[in-house]
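Notes for the one structure printed next.
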Amino acid sequence: MPRYTLPDGSFQESAAPLSVFAIAAAIGAGLARAAIAGRVNGSLVDLDTLVDQDATIEIITPTSPEGLEILRHSTSHLMAQAVKELFPGAQVTIGPAVADGFYYDFDYQRPFTPEDLAAIEKRMEEIARHDLPVKRQLMGRQEAIDWFLSQDERYKAEIIAEIPEDQAISLYRQGEFMDLCRGPHVPSTGRLKVFKLTRLAGAYWRGDSKNKMLQRIYGTAFADKKALEAHLTLLEEAAKRDHRRIGKEMDLFSIQDDAGGGLVLWHPMGARVRQIIEDQWKRAHRAAGYEFLFTPHMANLDLWRTSGHLDFYRESMFNPMTVDEQSYQIRPMNCPFHILVFRSQIRSHRDLPMRWAELGTVYRYEMSGVLHGLFRVRGFTQDDAHIFCRESQIEEEISAILDLTLQTLRTFGFEKFEINLSTRPEKAVGSDAIWEKATAALRGAILHHGLEYCEDVGGGAFYGPKIDVKITDAIGRKWQCSTVQLDFNLPERFDIGYIGEDGARHRPIMIHRALMGSLERFFGILIEHYAGHFPMWLAPVQAVVLTITEAYNDWALEVEQKLRAAGLRVETDLRNQKIGYKIREHAMQKVPWLLIVGERERTEGAVSPRDRHGKELGLIPLEEMMQRLLVEAGQQG
RNA sequence: GCCGACGUAGCUCAAUUGGCAGAGCAACGGAUUUGUAAUCCGUAGGUUAGGGGUUCGAUUCCCCUCGUCGGCUCCA
């Protein structure tokens, strides 16, 4: 008599073994209707799985993250079936659920077109309407390979051949369509109601550019129409916030062919924001005990040979240039220079830790196809720093870095963080002991801050463990900017050392870290986070004084001059235009405050402010408004 | 780099099956002196990304180059 324990701790008993579906039905008719799969003792299974012994059972519905993933995975099968019906020669390859939808890769003799997409979607709806049962079956390895080969599905046969021996081969059948899949899946195609094919793309078989290019069709699916619409709205919102578009509208920056792809030109308004960011950064670093360095943009190729970049970073570097018969390399990183500064004299343990920061511009070769606005460029400025310290100082230093990181990110308006600790990969330099110690120190620093984190086992770089911090923006997207990375390699390669208390020479620990990562990318993220509506302290123009007519130019200029003298970024618009026209123009430029001046304002030494939401504050004496603006301009975070 | 889509005035977009390349905004000139998201009139603005081909004729069809956009690990 199996006993089924449910998530709430209660349990169901049954005289005979029940299927997951039957258990759901026993709990409630509503749950049975919503159920698409189950979790039995922690493993996801199909609804018709018979549970013949005691087990913990959870019923999966499309509203849970796992349920949604199953729904999307099943929708990708539905799409594959539609494609096979419409394009019989197409071979199916893989079709997983991904972050916000699913895809399926096909090999077909000709490219699919947007019209094909519409036809596929229509056929999917038809198949869904037929409500075909989706049935799992096991098959012998060779039998499965033979079957797929008989269908001329060579990719599937290849996949099966690589499945570990101890794993069962399962197939899912819906109508005439049968696909290799681990499952689980929804019980029938009728459960797939809300889906949409979104785009076409090329994708290499197994993501390897040496392999054949397949055709990927992306789609998404949701539990209900409302969720799909919410998703589409989010996409629209993201498009509205696109930093490339806002960057152009607000004249912040450009990237032009005449200079080259991935090379950013910061226009005056963008440069203002950058300068504010840099000033803030410098203040915070001074307070945190950093010194600043300036180092060259290129160096003798030998430096990069010594650092090892020439070996392990070559694909990301521009080709060297020849100067006086010597090879020079434009820098992809700043670290070797900081090492040279360290090595320029004998260092004592009393000097450590040394914290050296640099807004260092680096150049990296990115394939033309991956360049993307400010997010993926070929030249960018890192808010880089290197800390040289003793082993015993690691935890304290990392802790201080985390402080500075979170403080900085909060200053720019980010509140939600996700922390990742990456540990020793298989191929690594440095002794197990040092890895062990360092990783423990990183962990300790994270815990010291009471932060939650995920551990990415084996995800570290070969030269040391690292901590990455992801931020969440205003519309819920995640971005990784900050990274703190221990390095056991470079100190070794450059043979740097310090004299310890014992009079012997010791190897310092080197920590690389960047808070914003790339100023260009961070600026792009800020633009999208705020949708161009920068808070006062970051806004390139904080206020514009608008005149009703030319008669008030004198007062407008006086207002501008006074606010400027107080340190505010203010402009005047004296143009002979209607006030509505001027308001519209500066509102579209997302200026936080518009100060309107006319007869009444001049007489009373006042302004009539209008905020960025269109709210009019009425007549306010200039002095009072100036104080308000100064207070707002001082607020960060 | 590879696959696909795209490339028309500074910007946003038109131009029937191949038949004189257009509009709005912006710019410039003039008028208007205006009270909270577009005042009116006028002027100028183009090697239709670049190159080649087919054609009596190409923005339109074909080829090449350049660029932009969406993708190219997310485990059957």
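Lettering of chains follows the sequences in order, A, B, ..., and the numbering in each one begins at 1.
Checked by atom type, the side-chain pair A:Asp46/A:Tyr172 shows a donor-acceptor distance below 3.5 Å. Using a 3.5 Å distance cut-off with no hydrogens or angles, the side chains of A:Tyr218 and A:Arg216 do pair a donor with an acceptor. Checked by atom type, the side-chain pair A:Arg241/A:Tyr530 shows no donor-acceptor distance below 3.5 Å. Using a 3.5 Å distance cut-off with no hydrogens or angles, the side chains of A:Tyr104 and A:Asp179 do pair a donor with an acceptor. Between the side chains of A:Asp116 and A:Thr113, at least one donor N or O lies within less than 3.5 Å of an accepting N or O. Counted by atom type alone, A:Glu153 and A:Trp147 present zero donor-acceptor pairs between their side chains at under 3.5 Å. Residues A:Gln91 and A:Tyr108 have side chains that never bring a donor and an acceptor to within less than 3.5 angstrom of each other.
Near-neighbour residues of RNA chain B inside residues 233-257 of chain A, defined by a heavy atom below 4.0 Å, number-ordered: A:Arg244, A:Lys248, A:Asp257.
Comparing B:A37, B:A76, B:G35 by their nearest atom to the side chain of A:Ile94 picks out B:A76. Among the nucleotides B:U39, B:C72, B:G4, the one closest to the side chain of A:Pro111 is B:G4. Taking the side chain of A:Ser368 as heavy atoms from C-beta on, and the options B:G1, B:A76, B:U36, the nearest nucleotide is B:G1. When the nucleotides B:A26, B:G35, B:G71 are ranked by their closest atom to the side chain of A:Ser608, B:G35 comes out on top. With B:A76, B:C72, B:U33 as the candidates, the nucleotide lying closest to the side chain of A:Arg182 is B:A76. When each of B:C72, B:A76, B:U36 is scored by its nearest atom to the side-chain atoms of A:Ile579, the top-ranked nucleotide is B:U36. Closest to the side chain of A:Arg600, out of B:G1, B:G35, B:G71, is B:G35. Closest contact between the side chain of A:Tyr103 and the listed nucleotides B:A76, B:C74, B:C2 involves B:C74.
Atom P of B:G19 sits at a distance of 33 Å from the matching atom of B:G70, rounded to the whole Å. On the C1' atoms, B:C63 is 25 Å away from B:G46, given to the nearest whole Å. B:A49 sits 8 Å from B:G7 when the P atoms are compared, rounded to a whole Å. A distance of about 38 Å separates the C1' atoms of B:G52 and B:U43, rounded to the whole Å.
To the nearest angstrom, P of B:G1 lies 10 Å from CG of A:Leu371. The interatomic distance linking A:Leu180 (CG) with B:C75 (P) rounds to 14 Å, in whole Å. Between A:Trp555 atom CH2 and B:G35 atom P there is a gap of 21 Å when expressed in whole angstrom units.
The base of B:A37 lies close enough to the side chain of A:Arg610 for a donor and an acceptor atom to sit less than 3.5 Å apart. Counting atom types as modelled, A:Glu601 pairs a side-chain N or O with a base atom of B:G35 as donor and acceptor under 3.5 Å. With hydrogens and angles ignored, no donor-acceptor pair under 3.5 angstrom links the side chain of A:Tyr552 to the base of B:G35.
Contact annotation: A:Tyr581 side-chain N/O to B:A26 OP1/OP2 distance is under 4.0 Å. OP1 or OP2 of B:G70 has not a single side-chain nitrogen or oxygen of A:Arg199 nearer than 4.0 Å. Between A:His372 and B:G70 there is a side-chain N or O to OP1 or OP2 distance below 4.0 Å. Residue A:Tyr218 has a polar side-chain atom (N or O) positioned under 4.0 Å from OP1 or OP2 of B:C72.
Within 4.0 Å (heavy atoms only), A:Gly598 reaches at least one base atom of the nucleic acid. At the heavy-atom level, A:Ile583 lies under 4.0 Å from base atoms of the strands shown.
The pair A:Lys615-A:Asp611 does not count as a salt bridge, with every side-chain nitrogen at least 4.0 angstrom from each carboxylate oxygen.
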